[in-house]
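First comes the structure, then the notes that go with it.
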Amino acid sequence: MSERTERFATHVVENQPPPLVDFNAFDSDQPLLDALARDGGLAARAHLSAYGARVGGDLLRLGFDANRFRPQLKTFDRYGHRVDEVEFHPAYHQLMQAAISAGVHAWSWTDDAPGAHGVRAALSYLHHQAEAGTSCPLTMTHAAVPVLRQSTELAHDWLPRVLSRDYDGSNRPPLDKPGLTLGMGMTEKQGGSDVRGNSTQAHPVGGTLYELVGHKWFFSAPMSDAFLVLAQAPGGLTCLLLPRWRPDGTRNALRVHRLKDKVGNWANASSEVEFEGALAWRIGDEGRGVATIIEMVALTRLDCMLGSAAEMRRALIEAIHHAQHRSAFGRPLIAQPLMREVLADLALEVEASVALAFRIARAVDAAPRDPDEAALARIATAIGKFRICKRAPGFVNEAQECIGGAGYVEESILARLYREAPLNSIWEGCGNIQCLDVLRALAREPHAAAALQAELVAARGIDAAFDAELAALEPALRQADEAGARRLTERLALALQAAVLLRAGQPEIAAAFCRNRLGGTGVAYGTATGLPIATLLERAWPSV
């Protein structure tokens, strides 16, 4: 190097962390390991570890490409034929293939062992950390299974391919494909959460067949092979299965008008569609559409919780990794007390979110065998979705602050997580809907209220702050009304998280959660007091 070149050599890269790649997202996650140990999911540890290695490796890299190259709508082919196809980057299909071959979409239904829902929840939680957009069709495919089982005929024809570990992203008749994915369409222009106001009409054409005329305002994953939709039949709001292809091998009259230009979730296509006499099969009785599809909604809400917990987990380890390798003011960030307080407070939030989400997954798993667990799942799903999904946006932003400007550029996964973070609180019923659901369960379903109370009381006597909050909740539950529903739901969520942590075998962490989240020492992360910082950081990311 010449003297002049050396004199003006300014581009020396130093004090920059290496990329966080090629790590095992499962083996490094102690809160997840503990949750599965409590709930019987570690029998599948080898499978989960193998998928965790992919999540921290090749799937992570595919996630960047799937978001960089967004889906494109192709309405007509070169000859003028209407095709209504959405074209995805190959990375999207590779992510779907990996997930389906691992059972992310079906483990709950193909494994009869207790704890199967916990294993599947772990697979979904892991996959979401690699790429969140593909979680949408995987979630809907998984959650549609109980609905399809309500029709003997449809279950016979569709379920073997829905439960298959083969992914086929081509657009062709379902009976020609080894594996199928399913979607859902309920939202219309005139009413989002108020699905009973849907205007799409279902006209009977014989037996369980109907022709649909109407629209859907948000229709996610429009390249799925079939969709569960709600429409107005002569007997009222009804659930139907709408395939992309008719039985005679012709395209169904499902018109994709445009793709939504969303804030995030770019790898997944969301669309506006019209039905122009589209053929569909009824599931359940006319007028019982909400009751027919409700189990699907409960399962997708659980996945919203898991997705938000996964986003927080992914943001946390990125922040810790950065702090390990970045120095400021003469020492590593990870050695600085204020940074450690913030990171530990974030880790505490992940501990509580993972613990509650997987407790609910255990209740869902046990529901067919245990009425008390079924009742707990009914009310706790709405409570958990409200709290966990609300926490993700602020959490991801705090993790960005730990990294600084480097966390606000597209090369960082934090930018993608920041765009994703608000979505799960909107999907499957926004916060107010969850709170109204909690009020409804408390008022009309005594078994659900009793199951919730039993879950909380089981942790009584371990921590004074928890006992005080439990006593204060009793009159609040009796006086519950719509105006205070958010305050009540949040308190119930915090109490549930505390109850799970108190019985989880980590007394330091549980006590810190009760002292800071129930007692409340501050709103901003990093204001908690008395945190077991070293324990929390080591559990979040070993060898801190």
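Hydrogens, waters and symmetry mates are skipped; everything else that's a heavy atom, side chains included, is used.
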Checklist entry - With no hydrogens and no angle check, is any side-chain donor or acceptor of Lys216 less than 3.5 Å from a backbone partner on Thr200? => result no
Item to check | Over 12 foreign heavy atoms within 6.0 Å of CZ, Arg444 | outcome: no
Next on the checklist: Do Leu254 and Asp84 have side chains that approach each other closer than 4.5 Å (heavy atoms only, starting at C-beta)?
Outcome noted: no
Item to check | Arg244 vs Met223, side chain to side chain contact (heavy atoms under 4.5 Å, CB included): CA-CA, chis, key distance, verdict | outcome: CA-CA 8 Å; Arg244 287 189 58 79; Met223 288 307 292; 3.9 Å; yes
Checklist entry - Do the non-hydrogen side-chain atoms of Leu376 and Arg359 ever get within less than 4.5 Å of each other? => result yes
Next on the checklist: Which residue is it: Thr381, Ile426, Asn424? I am looking for the one with a side chain to side chain contact (heavy atoms under 4.5 Å, CB included) to Cys304.
Outcome noted: Asn424
Checklist entry - Should Ser220 and Asn268 be marked as a side chain to side chain contact (heavy atoms under 4.5 Å, CB included) after you check the CA-CA gap, both sets of side-chain angles, and the distance that decides it? => result CA-CA 8 Å; Ser220 286; Asn268 175 44; 4.2 Å; yes
Next on the checklist: For a quick test of reading the model, state the closest non-hydrogen atom pair linking Ser425 to Lys385 and the distance between them.
Outcome noted: O-NZ, 3.5 Å
Item to check | Ring centre gap for Trp109 and His142 strictly below 6.0 Å | outcome: yes
Item to check | Candidate pair Arg70 and Asp261, rule salt bridge (Lys or Arg N to Asp or Glu O under 4.0 Å), full reasoning | outcome: CA-CA 10 Å; Arg70 302 192 211 179; Asp261 189 6; 3.5 Å; yes
Item to check | Donor-acceptor contact present, side-chain Ser271 to main-chain Phe219, <3.5 Å | outcome: yes
Checklist entry - Sub-3.5 Å donor-acceptor pair from the side chain of Thr489 to the main-chain atoms of Ala485, do we have one? => result yes
Checklist entry - Side chains of Arg246 and Asn252: does their closest heavy-atom pair fall under 4.5 Å? => result yes
Item to check | Qualifying residue for side-chain hydrogen bond (donor to acceptor under 3.5 Å, both in side chains) with Tyr167, from His93, Lys177, Gln97 | outcome: His93
Checklist entry - Nearest heavy-atom pair of Asp365 and Ala116: which atoms, and what distance? => result OD1-N, 3.0 Å
Next on the checklist: To the nearest 0.5 Å, what is the distance between CD1 on Ile360 and CD1 on Ile383?
Outcome noted: 8.0 Å
Next on the checklist: Determine whether a donor-acceptor pair (N or O, by modelled atom type, separation under 3.5 Å) exists between the side chain of Gln30 and the backbone of Ser28.
Outcome noted: no
Checklist entry - Between the main-chain N or O of Ser49 and the side-chain N or O of Asn24, is there a donor-acceptor pair closer than 3.5 Å? => result yes
Checklist entry - How far apart are the closest heavy atoms of Ala448 and Ile379, and which atoms are they? => result O-CG2, 3.8 Å
Item to check | Asn432 vs Arg486 side-chain heavy atoms within contact, under 4.5 Å | outcome: yes
Item to check | Separation of Leu496 CG from Leu501 CG (nearest 0.5 Å) | outcome: 11.0 Å
Checklist entry - From Asn265 CG over to Trp427 CH2, what is the distance, rounded to the nearest 0.5 angstrom? => result 4.0 Å
Checklist entry - Going through the checks in order, is the side chain to side chain contact (heavy atoms under 4.5 Å, CB included) test met by Leu477 and Leu492? => result CA-CA 9 Å; Leu477 286 167; Leu492 289 172; 4.0 Å; yes
Next on the checklist: For Arg45, give me all partners under salt bridge (charged side-chain N to carboxylate O under 4.0 Å, His left out), at least two apart in sequence or on another chain.
Outcome noted: none
Item to check | Within-4.5 Å side-chain heavy-atom neighbours: Ser164 and Leu180 | outcome: no
Checklist entry - How many angstroms lie between CG in Leu452 and CD in Glu445, if you round to the nearest 0.5 Å? => result 12.0 Å
Next on the checklist: Just so I know, are the side chains of Lys390 and Glu490 near enough to count as touching, which here means a heavy-atom distance under 4.5 Å?
Outcome noted: no
Checklist outcome for this item: For Arg288, the side-chain hydrogen bond (donor to acceptor under 3.5 Å, both in side chains) test, sequence neighbours excluded, returns none
Checklist entry - How long is the gap from CE on Met312 to SG on Cys389, to the nearest 0.5 Å? => result 8.0 Å
Checklist outcome for this item: For Val145 and Thr141 the tightest heavy-atom approach is CG2-O, 3.6 Å
Item to check | Full working for side-chain hydrogen bond (donor to acceptor under 3.5 Å, both in side chains) between Glu272 and His215 | outcome: CA-CA 8 Å; Glu272 297 172 24; His215 74 280; over 6 Å; no
Next on the checklist: Using modelled atom types and a 3.5 Å cut-off, is there a donor and acceptor pairing between side-chain atoms of Asp248 and backbone atoms of Thr250?
Outcome noted: yes
Checklist outcome for this item: On a heavy-atom basis, the closest approach of Thr238 and Glu286 is OG1-CA, 3.2 Å
Item to check | Pair Asp176-Arg161, salt bridge (Lys or Arg N to Asp or Glu O under 4.0 Å): steps then yes or no | outcome: CA-CA 10 Å; Asp176 296 341; Arg161 292 176 175 84; over 6 Å; no
Next on the checklist: The test is side chain to side chain contact (heavy atoms under 4.5 Å, CB included); show your working for Val273 and His257 and say whether it passes.
Outcome noted: CA-CA 6 Å; Val273 301; His257 285 315; over 6 Å; no
Next on the checklist: When you compare the side chain of Phe26 with that of Leu36, does any pair of heavy atoms fall below 4.5 Å?
Outcome noted: yes
Checklist entry - Is the side chain of Arg282 donor-acceptor paired with the backbone N or O of Gly284 at a distance under 3.5 Å, no angle test? => result yes
Next on the checklist: Working note: Trp245 + Asn171, criterion side-chain hydrogen bond (donor to acceptor under 3.5 Å, both in side chains); need CA distance, chi angles, decisive distance, verdict.
Outcome noted: CA-CA 9 Å; Trp245 292 79; Asn171 183 22; 2.9 Å; yes
Checklist entry - Please walk me through it: do Gln232 and Asn198 pass side-chain hydrogen bond (donor to acceptor under 3.5 Å, both in side chains)? => result CA-CA 7 Å; Gln232 300 288 354; Asn198 281 7; over 6 Å; no
Item to check | Option among Thr208, Leu228, Ile293 that satisfies the side chain to side chain contact (heavy atoms under 4.5 Å, CB included) test with Ile283 | outcome: Leu228
Checklist entry - For Ile100 and His105, which heavy atoms make the closest approach, and how far apart are they? => result O-CE1, 3.3 Å
Item to check | pair Ser353-Arg391: side-chain heavy atoms closer than 4.5 Å | outcome: no
